[in-house]
Amino acid sequence: MKITELNYKGGIDWGIDTKNMDFKRCEEMPHETELKVHGFFTTPDNGYGRGAVAILDDVLLNLPQRYVETVDTILSDNEMIEEIKAGKVAIEISTFISKKYKKVGYDVTFVEV
């Protein structure tokens with residue numbers, strides 16, 4: 001039946017067991033280094049807005065909030081999903097000083113491996 005398409009299917013199956021992975025922030029990860037990506041997902045809004053998460057080799061990386069729409073775009077594009085599953089995607093984390101908040105911020109650059 002068509003109605004069953006509305007049932008929650010748990011998102012994309014990236015084939016990675018994330019149950020025992022710890023969450024880390026960009027500040028805790030190496031910068032200017034390629035970090036292989038095994039998948040992405042978003043977290044629900046629990047009072048602070050939705051979150052964006054990258055599945056890396058052994059950690060779940062909380063991405064800056066401004067990447068939620070980017071991750072939504074990735075999750076809706078079958079070609080990007082297949083590139084990630086094929087091991088062709090990495091990210092690099094870099095820092096900048098926010099002019100508005102006068103503190104260190106983090107950017108994520110997507111890299112073709």
Side-chain angles (χ1 to χ4, degrees):
M1 291 181 83
K2 182 107 174 118
I3 195 73
T4 61
E5 292 176 11
L6 300 175
N7 292 338
Y8 179 69
K9 295 177 179 61
I12 296 168
D13 180 5
W14 295 105
I16 304 292
D17 182 7
T18 60
K19 289 183 185 96
N20 294 320
M21 289 185 175
D22 291 327
F23 281 90
K24 289 202 175 184
R25 297 177 306 212
C26 288
E27 67 191 47
E28 300 173 279
M29 299 298 293
H31 301 146
E32 310 298 333
T33 302
E34 282 188 14
L35 304 168
K36 189 164 185 174
V37 175
H38 300 286
F40 290 97
F41 63 92
T42 58
T43 58
D45 181 352
N46 291 322
Y48 297 100
R50 293 175 54 225
V53 180
I55 304 169
L56 304 180
D57 286 335
D58 56 355
V59 299
L60 300 172
L61 177 63
N62 286 315
L63 301 175
Q65 178 106 30
R66 66 184 176 281
Y67 288 95
V68 170
E69 286 185 32
T70 302
V71 170
D72 283 341
T73 300
I74 292 167
L75 297 177
S76 66
D77 187 303
N78 288 332
E79 187 176 343
M80 286 189 217
I81 291 168
E82 290 307 314
E83 289 173 352
I84 294 166
K85 286 183 174 183
K88 297 180 180 179
V89 177
I91 57 173
E92 287 184 7
I93 302 168
S94 58
T95 61
F96 65 92
I97 301 296
S98 168
K99 293 176 184 174
K100 182 177 181 179
Y101 298 108
K102 308 288 188 239
K103 66 178 191 173
V104 175
Y106 298 91
D107 274 327
V108 174
T109 303
F110 297 92
V111 180
E112 188 177 321
V113 180

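What you see is a predicted model; the values in this text were computed from it and never measured.
Within a 6.0 Å sphere centred on CD of Glu69, other residues, nucleotides and ligands contribute 12 heavy atoms or fewer. For Tyr101, the OH atom sits in a loose shell: 12 or fewer heavy atoms of surrounding residues, nucleotides or ligands are nearer than 6.0 Å.
A distance of 4.0 Å separates CD1 of Ile74 from CZ of Phe110, quoted to the nearest 0.5 Å. A distance of 5.5 Å separates CG of Asp72 from OG1 of Thr42, quoted to the nearest 0.5 Å.
Counting only heavy atoms from C-beta outward, the side chains of Glu27 and Val104 never approach each other to under 4.5 Å. Looking at heavy atoms from C-beta onward, Ile91 lies out of side-chain contact with Thr109 at the 4.5 angstrom threshold. Within the 4.5 Å cutoff, no side-chain heavy atoms of Leu63 are placed close to those of Thr70. Between Asp45 and Arg50, some side-chain heavy-atom pair lies under the 4.5 Å cut-off. Residues Leu60 and Asp22 are not in side-chain contact: their nearest non-hydrogen atoms beyond the backbone lie 4.5 Å or more apart. Counting heavy atoms from C-beta on, the side chains of Tyr106 and Arg25 never come closer than 4.5 Å. Looking only at side-chain heavy atoms (C-beta outward), Met29 and Leu56 come within less than 4.5 Å of each other.
Salt-bridge formation is not detected for the pair Lys85/Asp13: no Lys NZ or Arg NE/NH1/NH2 atom is positioned less than 4.0 Å from an Asp or Glu carboxylate oxygen.
Every residue two or more places apart in sequence or in another chain that forms a side chain to side chain donor-acceptor pair (under 3.5 Å) with Asp57 is listed here: His38.
Shown here for Val113 and Ala90, the closest heavy-atom pair between the two residues is CG2-CB, 3.5 Å.
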